[in-house]
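Heavy atoms only: backbone and side chains are in, while hydrogens, waters and symmetry mates are out.
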Amino acid sequence: MNHWLDEIGSVVASSVCRDVAREYWGPSWRMAASRHIESLGVAVGTHPGLLRHRNEDRHGLVQVTSLNGERLTAAILCDGVGGSEMGDAAASIAIATIIGVLVTCSRGMPMKALLSAAIRASDDSVRSLLHGRGTTTLSIILGSAQGQIVGANVGDSRIFSWRSGELTQLSIDDTLENELRQLPAGDMSALRARGLMGSLSQAIGEAGRTANDLKINFIDGDRFSKGAILASDGAWKEAPDGFKAVLSHAELASDAMRRVIALATWAGGTDNISLIAIDDVRKLIRSVDWNDPVESRRGRATVWHGDTKLVLMESSERAMSGGPLHNEGQAKPVDTHEAPKRPSKPRKNQQARKKPPQPKEEDSRQLAFDVKADERQGKEQHQAAIKPKVEISTDRDD
């Protein structure tokens, strides 16, 4: 069932989010695809593996101009949790939501706070749209053109600091054994006996909790010595030693991506395989063209995945006018509208004049998720008029 494609607009008021979700739900993910963005020093690739009937991995390199004028770059990788009914949908929703939050953010804020808000918004979106039928891991590196960098992960898709001859894992796997290791007398024997080693302790979109309960593993930007690798577990689990050896000897992102996917398939290809390789993280986040004109108050996202490039313009006027979708640790928004004043009694021999009815202003505050999907669907001509500009390319260059 994919009715969530129609419902996502009622959760996230962003046209970019909706268009990314539809693109990421397309049939192209069933086939192996890769792309080397030479000018950015980045390679992205995915392979369904040799045994899985569907690819539940999703990935993307994104360059964003937010509504506040901020220029951001993000590398995002999600691995839909195997065994769930709609892991691929969960991964698609998570990435689409994060991109939508970055594009429609209308106020400046620290990178870590923005990333936290985007991740928790994606957690809320997956849960509200799929109701526990699909969950996903998430690994992401976010940077601004001013040089701020932060990474984060949920689940067991990994993030590595990478340079020739050196590979260091920066992310923390959210597994049951890692949870036990934090206890004074963690005993792994019960997990081994029940075959639960490697089982996830949390994922994006789980039912039975809120986004505030999500534990996000953050990575400080200074831990990225030069390059970086984001990999789904299908890329590193098949042959861990070979994975490390291949990346330690690869000098370019294109070599790293190609060799890891080849190794994982040669080693069995029992899971979906996805990888993002970045030659130089700091060079990448400063690569956004500040001279590129952008229409006032309209966000834009350029997304590369596999052999495809998308350019999407934000057309939702109501999107995120108050800031990010999720405020960590804050109370519910207080209604700042003034309470209605009691009408004063008219003076003697003077009639009270009735004021003409004023048009009701649209509530554009933060968390205004009242876009009606049925009204949008019934206005096809209007929808076509606000359709964001989309460019799709399968060229090998950027």
Side-chain angles (χ1 to χ4, degrees), residues 1-29 44 46 55-67 72-81 86-105 114-115 117-130 133-140 142 152 154 157 203-205 211 230 274 276 299-306 308-316 319-320 324-326 369 371 373 376 387-390 392:
M1 299 175 64
N2 60 356
H3 62 274
W4 62 266
L5 286 172
D6 297 323
E7 296 176 355
I8 194 170
S10 64
V11 178
V12 183
S14 165
S15 61
V16 166
C17 173
R18 294 192 295 273
D19 283 294
V20 171
R22 286 181 171 84
E23 170 68 22
Y24 274 54
W25 189 243
S28 61
W29 293 92
V44 295
T46 189
N55 189 352
E56 295 183 308
D57 288 358
R58 297 293 186 269
H59 69 274
L61 177 71
V62 188
Q63 290 196 321
V64 162
T65 301
S66 301
L67 291 180
L72 306 169
T73 299
I76 315 172
L77 191 147
C78 288
D79 179 358
V81 175
M86 301 186 71
D88 46 355
S92 301
I93 294 168
I95 291 185
T97 301
I98 289 173
I99 295 175
V101 170
L102 297 181
V103 171
T104 54
C105 181
L114 175 59
L115 183 56
I119 292 174
R120 296 187 193 281
S122 72
D123 184 61
D124 277 334
S125 294
V126 174
R127 182 168 40 255
S128 62
L129 292 171
L130 300 184
R133 291 178 298 160
T135 57
T136 183
T137 70
L138 168 67
S139 293
I140 181 171
L142 176 66
V154 175
S157 294
I204 297 290
L230 292 83
S274 293
I276 301 176
R300 189 184 72 171
T302 303
V303 185
W304 293 266
H305 67 84
T308 301
K309 174 184 177 181
L310 302 173
V311 180
L312 303 169
M313 299 295 295
E314 180 60 52
S315 64
S316 175
M320 300 290 290
L325 294 176
H326 188 92
F369 296 148
V371 179
R376 280 199 316 279
K387 182 70 175 179
K389 180 181 178 181
V390 180
I392 302 178

Below 4.5 Å, heavy atoms only, C-beta onward: do D57 and L77 meet side chain to side chain?
no

Write down the atom of A74, the atom of L102, and the distance for their closest heavy-atom approach.
CB-CD1, 4.2 Å

My understanding is that only residues two or more places apart in sequence, or in another chain, count here; which of them pass side-chain contact (heavy atoms from CB on, under 4.5 Å) with S128?
V11

According to ring pair (Phe, Tyr, Trp, His ring centres under 6.0 Å), who are the partners of H59, at least two apart in sequence or on a separate chain?
W29

Could you give the distance from OG1 (T65) to CE (M313), rounded to the nearest 0.5 Å?
8.0 Å

How many angstroms lie between atom OG1 of T97 and atom CD1 of I119, to the nearest 0.5 angstrom?
12.0 Å

Set of side-chain hydrogen bond (donor to acceptor under 3.5 Å, both in side chains) partners for D79, sequence neighbours left out
none

Exercise: identify the closest heavy-atom pair between A301 and V103
CB-CG2, 3.7 Å

Any residue meeting side-chain hydrogen bond (donor to acceptor under 3.5 Å, both in side chains) with S157, in chain and number order, not counting sequence neighbours:
T137

All heavy atoms of G80 vs all of T136, minimum pair found to be N-OG1, 3.5 Å

Determine the minimum heavy-atom distance between R133 and L129, stating which atoms define it.
NH2-O, 4.0 Å

Closest heavy-atom pair and its distance - M86, L130:
O-CD1, 3.8 Å

Please name all residues satisfying side-chain hydrogen bond (donor to acceptor under 3.5 Å, both in side chains) with S122, sequence neighbours left out, ordered by chain then number.
none

V62 side chain near V20 side chain, heavy-atom distance below 4.5 Å:
no

V64 and V16, any side-chain heavy atoms less than 4.5 Å apart:
no

Measuring from atom CG of N55 to atom OG1 of T46, what distance do you get when rounded to the nearest 0.5 angstrom?
4.0 Å

Does any part of the side chain of C105, heavy atoms only, come nearer than 4.5 Å to the side chain of L114, both counted from C-beta?
yes

Do any N or O atoms from the side chain of R120 and from the backbone of A211 form a donor-acceptor pair under 3.5 angstrom?
yes

Before you tell me yes or no, could you show the steps for I204 and C78 under side chain to side chain contact (heavy atoms under 4.5 Å, CB included), namely the whole-Å CA-CA distance, both residues' side-chain angles and the distance that decides it to 0.1 Å?
CA-CA 9 Å; I204 297 290; C78 288; over 6 Å; no

So T73 and L61, do their side chains get closer than 4.5 Å, heavy atoms only?
yes

For S28 and T308, what are the C-alpha separation, side-chain angles and deciding distance, and is it a side chain to side chain contact (heavy atoms under 4.5 Å, CB included)?
CA-CA 10 Å; S28 61; T308 301; 5.7 Å; no

Between V311, L312, L67, which is the residue that forms a side-chain contact (heavy atoms from CB on, under 4.5 Å) with R300?
V311

Look up atom CD1 in I76 and atom CD1 in I98, then write down how far apart they are to the nearest 0.5 Å.
5.0 Å

Please give me the minimum heavy-atom distance between S92 and Y24, naming the atom from each residue.
OG-O, 3.2 Å

Answer yes or no: is there a side-chain heavy-atom contact under 4.5 Å between H305 and I95?
no

Sequence neighbours excluded - salt bridge (charged side-chain N to carboxylate O under 4.0 Å, His left out) pairs with any residue from residues 86-105:
R54-D88

